[in-house]
Amino acid sequence: MIASLSHTKTQRQNLILAGFGLALLVVLLASLSLGAYRISLPQTLAILFDLIGLNVGDFQVQQANVLLQIRVPRILMAMLVGGGLGIAGAALQGMFRNPLVEPGLIGVSSGAALFAVIFIVLVPVSASLAWIKPIGLPLFAFVGGLICVLAVYRLSKSQGRNDAATLILAGVAINALAGALIGLVLFFADDSALRNFTFWSLGDLAGANWSKMPVTIVLIAIPSLLLLLNTRQLNAIALGEQEAFHMGVNVQRVKIQLLLFSALIVGAGVSMVGMIGFVGLVVPHLIRILFGSDHRLVLPGSFLLGAILLNFADLISRIIVIPAEMPIGVITALIGAPFFIWLIFNLNKSTN
Amino acid sequence: MLQASKVHFCIKQRPIVEQISLEVNPGEILAILGPNGAGKSTFFKILSGDISCKHGSVKYNGKTITSLKAKDLASVRAVMPQHSQVNFPFTVQEVVELGLISTQTKNSSQLINEVLNATNTDHLKDRIFNSLSGGEKQRVQLARALVQIWESKPFPRYLLLDEPSSSLDIAQQHAVLSILQKLKSRNIGILVILHELNLAAQYADKIALIKNGAITKIGTVEEVLDEKTLERAFDHPIQLLKNPNTGRLFVASAAPFYSSLATSKLA
């Protein structure tokens with residue numbers, strides 16, 4: 001719309017996004033090829049090209065099975081969950097007008113976890129109900145996440161102003177409450193439910209398989225795309241909700257959409273791979289520090305960088321202690337935190 | 001025409017805005033004056049559409065405000081807030097561009113350049129908004145509000161400003177208000193809440209004096225700027241002088257060391 005004026009800017013943005021896309025591709029290929037079971041890069045490519053009927057090299061059937069049945073779904077899952085956490089974090093930060101907001105910090109993740117636990121404990125997984133689990137768990141997590149994000153939003157707005165201290169305190173309170181309620185639910189759980197819960201809470205990306213893909217795509221990829229429709233409105237909200245309304249934005253509708261889609265993404269992510277902190281906070285931050293605040297770039301950039309980061313972390317978790325696996329949350333924090341500190345430190349130095 | 005008729009607003013049975021009626025014509029500056037807590041800001045929010053009044057109506061070019069969608073309302077009126085904060089590091093250009101968010105126009109780059117020019121902010125366009133001084137921020141916010149209604153349309157547009165000159169130094173105050181004066185020729189009507197009586201005396205075409213939620217007097221500058229009326233409205237002794245250079249009225253106020261009935265209550 002703003003054609004000639006920001007022509008160079010749009011070009012630059014597209015270039016940045018293309019760069020991220022390329023980096024993601026490199027990480028994906030590395031993730032496909034590396035691991036406890038070695039598949040060389042040419043063989044990896046040969047297997048992938050074989051899918052579309054092109055023969056570019058030889059491989060063994062077992063290699064193809066490992067690649068297509070284990071690694072590809074796992075990598076897709078890491079991409080969707082990491083990207084989803086990144087974009088949801090960016091959207092929530094924009095909506096709350098606060099760069100401190102993170103799905104884990106303001107209680108969305110723990111709310112989602114609480115409802116996931118309630119689902120695991122209350123819905124017995126008998127054979128006849130097995131079909132309900134792949135869709136029921138993420139939907140329950142979504143409801144929990146949504147309740148918490150609404151509660152935090154209400155609390156943080158109650159003094160009329162949207163201030164950071166109240167927001168963080170509300171998040172701490174919600175997190176504590178959700179943690180206590182998880183404990184309470186587990187106290188009443190029977191053995192089989194407890195075992196299910198243990199598997200779920202350990203649930204890292206290793207549990208990814210093709211049967212989880214449709215639900216993940218519907219609950220993460222689609223809301224992520226829908227979030228992208230609100231980027232201009234998010235820019236307006238950054239000036240203030242009232243100002244956004246004055247400029248003709250239907251603020252209420254935009255906010256409801258942002259909350260719904262973010263809660264869907266985080267809820268689905270938590271129910272699939274457990275709570276992975278840090279991505280939703282750091283990724284949008286990095287994008288803003290590097291490329292500015294325009295949400296038209298921050299949101300898609302956060303998705304791509306989140307996908308890169310989580311895949312990279314997953315790759316490390318798989319190859320660092322072969323044949324065992326390091327929990328992925330440990331890796332994201334271990335890579336992310338020092339990098340983030342370094343970045344803040346350098347930024348302060350350059351601005352002084 | 002922007003028309004408010006018998007606008008009434010209560011909070012807990014207490015009227016904040018009481019039966020206010022006024023009109024703003026395109027090409028005219030209406031200044032709203034009044035002591036703190038008079039209900040100016042509440043009335044302003046009703047006009048801008050942030051809150052809706054319980055009784056009475058607000059009409060833009062004949063259409064009631066409640067029947068207009070946010071987007072349609074944005075095409076007839078722009079609002080400049082008292083002060084606003086931007087929590088993310090946006091550049092000036094990005095902030096001003098946002099004013100066009102609900103406009104479909106092909107000349108956006110031209111509009112933005114014209115507005116940056118008019119507000120004397122073109123040299124700031126690559127700066128980060130939060131790094132600007134108070135006066136610069138106000139001018140950028142003005143540019144952002146202006147770009148929304150800058151393009152010529154077959155219908156008049158309106159600009160609402162809530163104390164645009166508060167916290168600005170003298171030069172900046174006059175800079176902002178002379179920009180407003182230039183808008184009159186663009187078929188734009190302006191309603192502005194002012195704190196500084198002298199700015200109203202110099203720039204306004206009409207003044208509405210509000211106290212306790214109601215209009216005490218509305219009319220031309222000469223009609224409203226009257227010592228008795230102002231003293232009663234502000235509970236403070238006021239002297240009106242004539243500026244020997246411009247011939248315009250000049251409001252002088254001093255510490256209330258001589259007793260008047262109204263101020264002796266405060267002692």
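Just so we're on the same page: letters track the sequence lines, and every chain starts at 1. FYI, side chains are in, hydrogens and waters are out, and symmetry mates aren't considered; it's all heavy atoms of this structure.
- Using a 4.5 Å cut-off between heavy atoms, A:Val251 does not touch chain B at all.
- For B:Arg144, the part sitting under 4.5 Å from any heavy atom of chain A is the side chain, from C-beta outward, and nothing else.
- When all heavy atoms of A:Met247 and B:Leu98 are compared, the closest pair comes out as SD-O, 3.4 Å.
- With a threshold of 4.5 angstrom between heavy atoms, B:Lys45 approaches chain A through side-chain atoms but not through N, CA, C or O.
- One side chain, B:Ser5 or B:Ser57, offers a donor N or O that lies under 3.5 Å from an acceptor on the other.
- There is no side-chain donor-acceptor pair under 3.5 Å between B:Asn113 and B:Asp122.
- For the residue pair B:Thr103 and B:Thr105, no side-chain donor N or O sits within less than 3.5 Å of a side-chain acceptor on the partner.
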